[in-house]
Amino acid sequence: MTFSEAYDLYGPDTIAISEALDIPEHEADRFISAEMDRRRQSDCIQRRREYNGRLRTSLRDLRARRPA
């Protein structure tokens, strides 16, 4: 079982992941922290892209209404 599979099954449960992967609990905790940081960063990037898309659309609409 890989860490990703274990994380999907057990979530951030360090004990369950450490038993599933047969690693020490502190290692499982480090992997979980890294995964949570990665997901948080991905969420921030996605929100920023959505905001930029909405902003571009708004600017395009404003420019279209501007008299020539």
| query | With sequence neighbours excluded, what pairs up with Glu25 under the side-chain contact (heavy atoms from CB on, under 4.5 Å) test? | reply | Thr14, Ile15, Ser18

| message | Holding to side-chain contact (heavy atoms from CB on, under 4.5 Å), I want the full list of residues that pass it with Ala20, two or more places apart in sequence or in another chain. | response | Met1, Tyr10

| request: Using the test side-chain contact (heavy atoms from CB on, under 4.5 Å), find all partners of Arg39 that sit at least two apart in sequence or belong to another chain. | output: Tyr7, Asp8, Glu35

| said: According to salt bridge (Lys or Arg N to Asp or Glu O under 4.0 Å), who are the partners of Arg40, at least two apart in sequence or on a separate chain? | reply: Asp37

| request: Determine which pairs satisfy side-chain hydrogen bond (donor to acceptor under 3.5 Å, both in side chains) with at least one residue from residues 50-61, sequence neighbours left out, and list them in order. | output: Gln46-Glu50

What pairs of donor and acceptor atoms, side-chain ones from residues 26-33 against any protein atom, are under 3.5 angstrom apart with sequence neighbours left out?
unit_1, atom_1, unit_2, atom_2, d
Glu27, OE1, Arg30, NH1, 3.0
Glu27, OE2, Arg30, NH1, 2.9
Ser33, OG, Asp29, O, 3.1

| remark: One should read off an interatomic distance between Ile17 CD1 and Phe3 CZ, to the nearest 0.5 angstrom, of 5.0 Å

